[in-house]
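Remarks on the structure that follows.
Model, not experiment: these values are computed from the prediction. To find a chain, count down the sequence lines: A is the first, B the second, and so on, and within it residues start at 1.
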Number of protein chains: 2
Amino acid sequence: MATTATWTDHALRTLEDAGYRSGAARAHVVRALGRQDCCLTARELADQLRDGGDEVGIASIYRALEVLGELRLVHRMDAGEGVVRYEPAMPSGEHHHHIVCDHCGQVAAYEDERLEQAIDALADRLAWSVDRHDVVLRGTCPACA
Amino acid sequence: MATTATWTDHALRTLEDAGYRSGAARAHVVRALGRQDCCLTARELADQLRDGGDEVGIASIYRALEVLGELRLVHRMDAGEGVVRYEPAMPSGEHHHHIVCDHCGQVAAYEDERLEQAIDALADRLAWSVDRHDVVLRGTCPACA
DNA sequence: CTGAGTGCAAACAGTTTGCATTACT
DNA sequence: AGTAATGCAAACTGTTTGCACTCAG
């Protein structure tokens with residue numbers, strides 16, 4: 001992820017601008033998220049931080065993720081197996097979607113412009129105001145096939 | 001749902017063909033699902049059954065839903081707020097997707113042919129074998145706007 | 001100094017599992 | 001008769017909350 005520093009800085013600044021005080025736990029969470037290139041769970045985040053010597057209480061991780069989600073700095077994504085995954089959300093709105101392997105549980109990312117266009121066109125047709133979307137594909141990954 | 005009886009019968013027959021014995025709890029779950037036109041949670045299912053005088057233990061409901069899911073008779077869908085929703089899956093493969101209101105939590109269904117085509121084309125391009133997909137839109141419903 | 005931020009442990013909600021009982025086949 | 005299906009209650013898992021303590025502003 002070429003934009004690692006960019007997102008981290010953007011996130012920290014957005015937090016400050018929104019009036020949040022700076023604290024160690026939240027900053028660690030932000031920095032760890034900035035290093036990711038795809039989604040991860042709260043536990044995975046906790047494990048990474050602990051392994052990196054920056055142990056953060058799980059409650060603080062959830063609280064940080066909640067705030068980041070409200071500020072639209074992270075995107076919550078639900079692979080559908082009872083765990084929520086989180087990933088940094090680019091301010092540009094650029095994003096990808098996920099495909100999950102039914103056998104090994106692996107989660108991969110993909111992008112597709114035509115899909116985005118279809119969703120935009122659909123959103124215009126609906127009486128709702130649509131501001132986000134998730135497309136989760138499921139199937140079998142090449143390794144499990 | 002014009003296909004209520006059809007789906008219920010299809011499901012009961014598929015269960016029998018798969019070698020499952022017929023039992024009251026599972027049959028009640030199947031019949032209740034056959035009456036739905038959109039997704040509902042295990043608890044909602046339990047409440048409906050209880051209100052209809054057919055009380056079924058929550059464990060049996062989950063076990064029935066698990067079996068039905070394996071047989072591809074129900075589709076699990078995750079609105080992303082910590083509860084799994086289930087809905088009957090048509091043998092034809094015909095299906096719809098969902099849009100969730102951020103404010104009131106309402107879940108509505110929609111269909112879009114162009115979206116399906118985009119996903120089919122995308123699936124062909126990927127090295128994975130894709131057999132299901134979910135598209136969840138989020139935003140604000142007309143009532144909350 | 002004051003209150004936001006943090007961590008721990010307890011509380012919670014949804015789901016799953018162990019086990020004794022019931023009832024298809 | 002034998003075994004799958006069921007229901008209850010206990011166990012589990014991921015997430016949230018209450019509360020005392022710390023630290024940024």
Side-chain angles (χ1 to χ4, degrees), chain A residues 11-33 39-50 53-71 73-86 105 107, chain B residues 11-33 39-50 53-71 73-86 105 107:
Chain A
L12 291 172
R13 186 142 49 79
T14 304
L15 282 165
E16 189 181 348
D17 291 349
Y20 289 97
R21 286 190 189 172
S22 101
R26 191 151 54 209
H28 283 137
V29 170
V30 169
R31 278 193 288 270
L33 280 170
C39 51
L40 78 177
T41 66
R43 171 158 295 281
E44 286 165 353
L45 205 41
D47 291 346
Q48 277 196 18
L49 286 168
R50 178 163 23 70
D54 295 320
E55 186 153 10
V56 173
I58 191 73
S60 299
I61 291 179
Y62 279 110
R63 281 191 275 238
L65 290 169
E66 184 185 7
V67 167
L68 293 167
E70 278 164 11
L71 294 175
L73 290 166
V74 309
H75 181 74
R76 302 167 68 102
M77 104 101 184
D78 206 313
E81 306 331 299
V83 209
V84 180
R85 292 176 169 275
Y86 303 83
V107 177
Chain B
L12 291 172
R13 186 141 49 79
T14 304
L15 283 166
E16 188 182 349
D17 291 350
Y20 290 97
R21 286 191 189 173
S22 104
R26 192 152 55 209
H28 284 137
V29 169
V30 168
R31 277 194 289 272
L33 280 169
C39 51
L40 79 177
T41 66
R43 171 157 297 282
E44 286 165 353
L45 205 40
D47 291 346
Q48 278 195 19
L49 286 168
R50 179 162 23 68
D54 295 320
E55 186 151 11
V56 172
I58 192 73
S60 299
I61 290 178
Y62 279 109
R63 281 191 275 237
L65 289 169
E66 185 185 6
V67 167
L68 292 167
E70 278 164 10
L71 294 176
L73 289 166
V74 309
H75 180 75
R76 302 168 68 102
M77 104 101 185
D78 207 314
E81 306 330 302
V83 209
V84 180
R85 291 175 170 275
Y86 304 83
V107 177

* To do: Rounded off to whole Å, could you give me the CG-to-C1' distance for the B:Leu12 and C:dC24 pair?
  => 15 Å
* When you get a sec, tell me which of C:dT15, D:dT6, D:dA5 is the closest nucleotide to the side chain of B:Ala42? => C:dT15
* Asked: Do the non-hydrogen side-chain atoms of A:Val83 and A:Asp78 ever get within less than 4.5 Å of each other?
  -> no
* Asked: Would you say B:Arg26 reaches D:dA5's phosphate, i.e. side-chain N/O to OP1/OP2 under 4.0 Å?
  -> yes
* To do: Using atom CG of A:Asp78 as one end and atom P of D:dG14 as the other, report the distance to the nearest whole Å.
  => 13 Å
* Structure fact -> Contacts of B:Tyr86 and A:Tyr20 projected onto DNA chain C by closest heavy atom; the upstream (5') one is A:Tyr20
* Asked: Taking atom P of C:dC8 as reference, at what distance in whole Å does atom CD1 of A:Ile61 sit?
  -> 11 Å
* Structure fact -> Closest to the side chain of B:Arg43, out of C:dA4, D:dG7, C:dG14, is C:dG14
* Asked: Closest nucleotide of DNA chain D for B:Ala25 versus for B:Ile58: which of these residues is on the 5' side?
  -> B:Ala25
* To do: Quick one: do A:Arg21 and A:Glu16 satisfy salt bridge (Lys or Arg N to Asp or Glu O under 4.0 Å)? Show the steps, please.
  => CA-CA 7 Å; A:Arg21 286 190 189 172; A:Glu16 189 181 348; over 6 Å; no
* Quick one: does B:Leu65's side chain get under 4.5 Å of B:Leu45's, heavy atoms only? -> yes
* To do: Side-chain contact test, heavy atoms from C-beta onward, threshold under 4.5 Å: evaluate it for A:Thr14 versus A:Leu73 and give yes or no.
  => yes
* Report yes or no: is there a donor-acceptor pair, N or O only, under 3.5 Å between the side chain of A:Arg63 and the base of D:dT16? => no
* CG of A:Asp47 versus C1' of D:dG14: gap in Å, rounded? -> 14 Å
* Asked: Out of C:dT15, C:dG7, C:dT25, which nucleotide sits closest to the side chain of A:Ser60?
  -> C:dG7
* Do A:Arg26 and A:Leu15 come close enough that some side-chain heavy atom pair is under 4.5 Å? -> yes
* Which part of the nucleic acid, if any, lies within contact of B:Ala64, taking any heavy atom under 4.0 Å across all strands shown: a base, the sugar-phosphate backbone alone, or nothing? -> nothing
* Whole angstrom is fine here: how far is it from CZ in A:Arg85 over to P in D:dG14? => 11 Å
* Separation of atom CZ in B:Arg50 from atom C1' in D:dC8, rounded to whole Å -> 15 Å
* Structure fact -> With the side chain defined as heavy atoms from C-beta on, A:Ala59 is closest, among C:dT15, C:dC8, D:dA9, to C:dC8
* **Given C:dT16, D:dT15, C:dG7, the nucleotide with the shortest approach to the side chain of A:Tyr62** => D:dT15
* To do: Please state how far atom CD in A:Glu66 lies from atom P in D:dG14, giving the value in whole angstrom units.
  => 19 Å
* For atom CG of A:Leu65 and atom C1' of D:dT17, their distance in whole Å -> 16 Å
* To do: Among the candidates C:dG5, D:dG14, C:dG7, find the nucleotide nearest to the side-chain atoms of A:Val83.
  => D:dG14
